[in-house]
K.L.:
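The structure that follows is given in the form of structure tokens.
Values in this document were obtained by computation on a predicted structure and should not be read as measured data.
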Amino acid sequence: MGSRTVGRGGRSLGGGLVVAVAGCLAGALTACGAGGGHGAAKPTASGAGAGASSAVAARGGTIGAPGSACRLPVTFALAKNWKPESTVPDSTGSTSSPGSTGSSGSAAPDDDLAAEIADALLHQGPVTAVCEVDAKPAGHIGFLRVWTGEPGAADARSVLASFVGAEKGAAHATYRTFTTGGLSGTEVEYRVTSEILEETKTERALAVTTPDGPVVVHLGGLDDEEHRAMLPAYELAKSTLRVTAH
């Protein structure tokens, strides 16, 4: 389909978010659930264990530092051809696209409702989505997403547990600790069942705490096959994770 869709796994949270949500509200539920123009989802297979190793992808750019596509409390390397995009609203707080308002400049009711849904999608547990890295240019259907939270006393494990607990259909979570670049964090692999699509797939995420607050890096995917194919990009991000220098 021509526009980017909204949701978890293989669906975009950024870009034309309000327009996409409005399309869902208009009845394009199948398009919003299926992702990426592939039609029906492929059958899923069982995911690898949380402790399973994976190859590291070829390195492309880096995000997180000032001047990069997404300014973050951490920096990490991106897989080659993966495209980052900030999901933080502009300085006006608007996420609507040109042409979505009338001559008076006020948003239409449908746009207001879509914006409310979009805002809800951008929050999960104690963190907010601030950046998504699209795998489509590299030939995959999915995103590596970064979520951040406010500074506090919560450790990485509790932040990650709250993040997973806030995702509808999440179950069978397996946690483990890891260290990288002077950071200690927690990683989780879990299964998510979609009532709409009637399928279950693997997702994983990691969390670290920084002076600027917790950071969650999440990898979904259209299905288990896509998830496994994107693991090298996730492993690259994890192995190059560093606190952003001030």
Side-chain angles (χ1 to χ4, degrees), residues 4-14 17 20-21 24 29 32-36 41-42 44-52 72 87-88 114 116-135 140-150 152 154-178 185-209 213-228 230-231 233-234 237-238:
R4 298 169 68 191
T5 51
V6 177
R8 304 289 300 170
R11 294 169 291 281
S12 173
L13 293 178
L17 182 59
V21 175
C24 293
L29 182 58
C32 291
K42 292 173 282 187
T44 60
S46 59
L72 307 168
T87 57
V88 177
E116 288 183 16
I117 295 175
D119 183 69
L121 289 171
L122 289 171
H123 296 84
Q124 185 167 321
V127 291
T128 300
V130 294
C131 185
E132 65 179 17
V133 189
D134 191 354
H140 305 295
I141 302 175
F143 295 87
L144 192 67
R145 293 196 175 98
V146 185
W147 307 65
T148 61
E150 296 296 324
D155 59 19
R157 169 63 184 262
S158 61
V159 169
L160 200 55
S162 296
F163 177 82
V164 174
E167 182 164 358
K168 186 176 181 180
H172 308 296
T174 302
Y175 294 86
R176 69 184 186 94
T177 59
F178 71 94
T186 301
E187 182 178 17
V188 63
E189 179 182 316
Y190 57 103
R191 302 283 285 169
V192 177
T193 300
S194 169
E195 295 180 359
I196 295 176
L197 300 180
E198 297 183 343
E199 66 174 12
T200 301
K201 61 190 179 77
T202 300
E203 298 188 5
R204 71 184 64 203
L206 62 84
V208 295
T209 56
V215 177
V216 173
V217 180
H218 172 269
L219 178 69
L222 177 65
D223 53 28
D224 278 353
E225 182 179 344
E226 289 286 3
H227 183 84
R228 286 193 297 270
M230 295 187 296
L231 279 178
Y234 171 86
K238 183 174 72 171

K.L.:
Can you name the one residue among H227, E226, M230 that meets side chain to side chain contact (heavy atoms under 4.5 Å, CB included) with I141?
P.N.:
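Only one of H227, E226, M230 forms a side chain to side chain contact (heavy atoms under 4.5 Å, CB included) with I141, namely E226.
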K.L.:
Considering all heavy atoms of both residues, which atom of A233 and which atom of L144 are nearest to each other, and what is their separation?
P.N.:
O-CD2, 4.5 Å
K.L.:
Quick one: side-chain hydrogen bond (donor to acceptor under 3.5 Å, both in side chains) partners of H123, sequence neighbours excluded?
P.N.:
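With sequence neighbours excluded, H123 shows a side-chain hydrogen bond (donor to acceptor under 3.5 Å, both in side chains) to T128, given in chain and number order.
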K.L.:
With sequence neighbours left out, what residues match A170 under side chain to side chain contact (heavy atoms under 4.5 Å, CB included)?
P.N.:
V164, E167, Y190, V192
K.L.:
Nearest 0.5 Å, please: how far is CG in L206 from OH in Y234?
P.N.:
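Separation between the atoms: 4.0 Å.
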K.L.:
Out of curiosity, E189 CD to T202 OG1, how far, rounded to the nearest 0.5 Å?
P.N.:
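Output value for this atom pair is 5.5 Å.
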K.L.:
Do you know the tightest heavy-atom contact between G185 and A156?
P.N.:
CA-CB, 4.3 Å
K.L.:
Salt bridge or not for E203 and K201, using N-O below 4.0 Å?
P.N.:
yes
K.L.:
If you compare all heavy atoms of L72 against all heavy atoms of C131, which two are closest, and at what distance to 0.1 Å?
P.N.:
CD2-CB, 4.2 Å
K.L.:
Which value, rounded to the nearest 0.5 Å, describes the distance between K168 atom NZ and Q124 atom CD?
P.N.:
13.5 Å
K.L.:
Can you tell me how far the CG atom of D155 sits from the CZ atom of R157, to the nearest 0.5 Å?
P.N.:
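Reported value, rounded in 0.5 Å steps: 9.0 Å.
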K.L.:
List for me each residue that meets side chain to side chain contact (heavy atoms under 4.5 Å, CB included) alongside A161, sequence neighbours excluded, and say none if there are none.
P.N.:
Y175
K.L.:
Which distance, rounded to the nearest 0.5 Å, do you find between the CZ of R228 and the NE2 of H140?
P.N.:
12.5 Å
K.L.:
Can you list the residues that meet the salt bridge (charged side-chain N to carboxylate O under 4.0 Å, His left out) rule with E198, with sequence neighbours excluded?
P.N.:
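Counting only residues at least two positions away or on another chain, E198 forms no salt bridge (charged side-chain N to carboxylate O under 4.0 Å, His left out).
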K.L.:
For A205, which residues count as a side chain to side chain contact (heavy atoms under 4.5 Å, CB included) partner, sequence neighbours excluded?
P.N.:
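By the side chain to side chain contact (heavy atoms under 4.5 Å, CB included) rule, A205 matches L160, F163, V188, V216, H218.
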K.L.:
Can you list the residues that meet the side chain to side chain contact (heavy atoms under 4.5 Å, CB included) rule with T193, with sequence neighbours excluded?
P.N.:
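Residues passing side chain to side chain contact (heavy atoms under 4.5 Å, CB included) with T193: T200.
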K.L.:
For S162, enumerate each residue passing the side-chain hydrogen bond (donor to acceptor under 3.5 Å, both in side chains) test, keeping only those at least two apart in sequence or located in another chain.
P.N.:
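With neighbours one apart ignored, the set is empty.
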K.L.:
Check for a donor-acceptor pair, side chain of S194 on one end and backbone N or O of E199 on the other, with a separation under 3.5 Å.
P.N.:
no
K.L.:
Under the rule for side-chain hydrogen bond (donor to acceptor under 3.5 Å, both in side chains), what residues qualify as partners of T148, not counting sequence neighbours?
P.N.:
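Checked T148 against side-chain hydrogen bond (donor to acceptor under 3.5 Å, both in side chains); zero matches.
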K.L.:
Roughly how far, to the nearest 0.5 Å, is the CG atom of D134 from the CZ atom of R145?
P.N.:
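Those atoms lie 9.0 Å apart.
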K.L.:
Is there a side-chain contact between V208 and F178 (heavy atoms, below 4.5 Å)?
P.N.:
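Touching, per the 4.5 Å side-chain cut-off.
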